[in-house]
There are 2 protein chains.
Amino acid sequence: MPRQMTIGTLSRETDTKVETIRFYEKSGLLPAPDRTEGNYRTYEPSHLRRLSFIRRARGLGFPLEAIRTLLNLSDDRSRSCEAVDRIAKDHLVQVEQKLADLNALRAELDRMISLCSCGTVADCRIIDTLLPGPAGSPSRATENPR
Amino acid sequence: MPRQMTIGTLSRETDTKVETIRFYEKSGLLPAPDRTEGNYRTYEPSHLRRLSFIRRARGLGFPLEAIRTLLNLSDDRSRSCEAVDRIAKDHLVQVEQKLADLNALRAELDRMISLCSCGTVADCRIIDTLLPGPAGSPSRATENPR
DNA sequence: GCCCTCCTTGTAGTTCCTACAGCGTTGCCG
DNA sequence: CGGCAACGCTGTAGGAACTACAAGGAGGGC
């Protein structure tokens, strides 16, 4: 069991692109590892753990900024985990908001598509839905492109 | 009822930031309008309609590339709207994929948070979930950050 | 003539990577 | 020992869809 590994190995172990690992290092999420004579990065198990943490959090959709905070918090094991809880709950709220938006979206897309009989564009219900109705209802969409 | 309007008016009418309108113009989604002596853009009702279309499609989450195609298709009213239908359906598939992902995400976040008793970080269940379990199950997250 | 608002252009920043380009290093085969 | 592929290095640019300045010009009310 090798205690040290190259970036390629770490990449495979964590299913993370090499460039992404370097990006995390530049962003200060991963500490810069030692280098070999040939200037190659050599990672230790601690890096592997930290990177796994980051990837898992990213998989759950936490933004890097939040992950940075989580990592700092988790480094001080004696501290209360209130802040951790708050970050997670905040994120949950965001996810739930996005879910609601997407559900509305799907409903509208469903409706749009079900109406399309695939004739000519001139009477395509999809295009119609998108066009501003001159006399019809405004028919607002999700109305939150940002 | 003014037939011509400035960019600010158009912005208000369509609830679109001025910069975004110029961005759409640069991106070729909105035709470049005429200018006044003072070099101000002057928009006509046709611009308003086109921009409304774009905004509505964006509100439904269509990417600009798809909107570009939709606009081209809708310009030729005699063409079959098969392609339109396909774009919409593709988009629906994407939305549904995202919904599934987010639902899984919410479940995991819910679980995570419900386990947290807000003691110290040392035994925080949220941090635990993110840490790679040395003996525990891998506990993969959504596993698809990108 | 002043002042405030609106408009102009252009550039850079956001988020989270991804994709080169152009080079140096390592390891293995013969 | 030569050669080659695979791997690593740095640095920069791109992408999606805007957003946010900065620095200045134009228009209209008082």
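Each chain gets a letter, A, B and so on, in the order the sequences are listed, and its residues count up from 1.
- Protein atom CG of A:Asn39 is 14 Å distant from nucleotide atom C1' of D:dC7, rounded to whole Å.
- Note: CG (B:Leu64) to P (D:dG14) measures 18 Å, nearest angstrom.
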I would like to know whether A:Asp101 and A:Gln97 meet side-chain hydrogen bond (donor to acceptor under 3.5 Å, both in side chains); could you show each step before the answer? CA-CA 6 Å; A:Asp101 286 356; A:Gln97 180 58 55; 3.1 Å; yes
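- C:dC16 atom C1' lies 15 Å from atom CD1 of A:Ile21, rounded to whole Å.
- Between the side chain of A:Arg58 and the backbone N or O of A:Phe62, at least one donor-acceptor pair lies under 3.5 Å.
- Projected onto DNA chain D by closest heavy-atom contact, B:Glu37 and B:Gly61 fall at different nucleotides, the more 5' of which corresponds to B:Gly61.
- Rounding to whole angstrom units, NZ of residue A:Lys17 and P of D:dC7 are separated by 15 Å.
- Residue B:Leu51 contributes atom CG, which lies 11 Å from atom P of D:dC18 at whole-angstrom precision.
- The side chain of B:Arg68 places no N or O atom within less than 4.0 Å of a non-bridging phosphate oxygen (OP1 or OP2) of D:dA16.
- Linking Ile, Leu, Val, Met, Phe, Trp and Tyr residues whenever their side-chain heavy atoms come within less than 4.5 Å leaves A:Leu51 and A:Tyr40 in two separate clusters.
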Provide a list of protein-nucleic acid N or O atom pairs under 3.5 angstrom, restricted to nucleotides 20-24 of chain C.
| residue | atom | partner | partner atom | Å |
| --- | --- | --- | --- | --- |
| C:dG24 | N2 | A:Tyr40 | OH | 2.7 |

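- A side-chain donor-acceptor contact under 3.5 Å links A:Arg55 and A:Tyr24.
- Regarding A:Phe62, its CZ atom lies at a distance of 14 Å from the P atom of C:dC17, rounded to whole Å.
- A:Tyr24 comes within contact range of the sugar-phosphate backbone alone, with a heavy-atom separation under 4.0 Å but no base atom that close.
- Separating the CZ atom of B:Arg35 from the C1' atom of D:dA26 is a distance of 13 Å, rounded to the nearest angstrom.
- If you check C:dC16, C:dT8, D:dT19 against the side chain of A:Pro63, the one that comes closest is C:dC16.
- The side chain of B:Thr6 lies closest to C:dC7 when the candidates are D:dT19, C:dC7, C:dC17.
- The environment of A:Glu82 atom CD is sparse: at most 12 non-hydrogen atoms of other residues, nucleotides or ligands sit within 6.0 angstrom.
- In terms of modelled atom types and a separation under 3.5 Å, the side chain of A:Ser27 and the main chain of A:Leu29 share no donor-acceptor contact.
- Checking the phosphate oxygens (OP1, OP2) of C:dT9, a side-chain nitrogen or oxygen of B:Arg41 falls inside 4.0 Å.
- Between the side chain of B:Thr16 and the backbone N or O of B:Thr14, at least one donor-acceptor pair lies under 3.5 Å.
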Start with the C-alpha distance between B:Glu25 and B:Arg22, add both sets of side-chain angles, then the distance that settles salt bridge (Lys or Arg N to Asp or Glu O under 4.0 Å), and finish with yes or no. CA-CA 5 Å; B:Glu25 179 181 328; B:Arg22 289 196 281 248; over 6 Å; no
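- The CD1-P distance, from A:Ile67 to C:dC17, rounds to 8 Å in whole Å.
- The stretch residues 25-33 of chain A has no heavy atom under 4.0 Å from DNA chain C, so no residue of it qualifies as close.
- B:Thr20 has no side-chain polar atom (N or O) that falls below the 4.0 Å cut-off from OP1 or OP2 of D:dA17.
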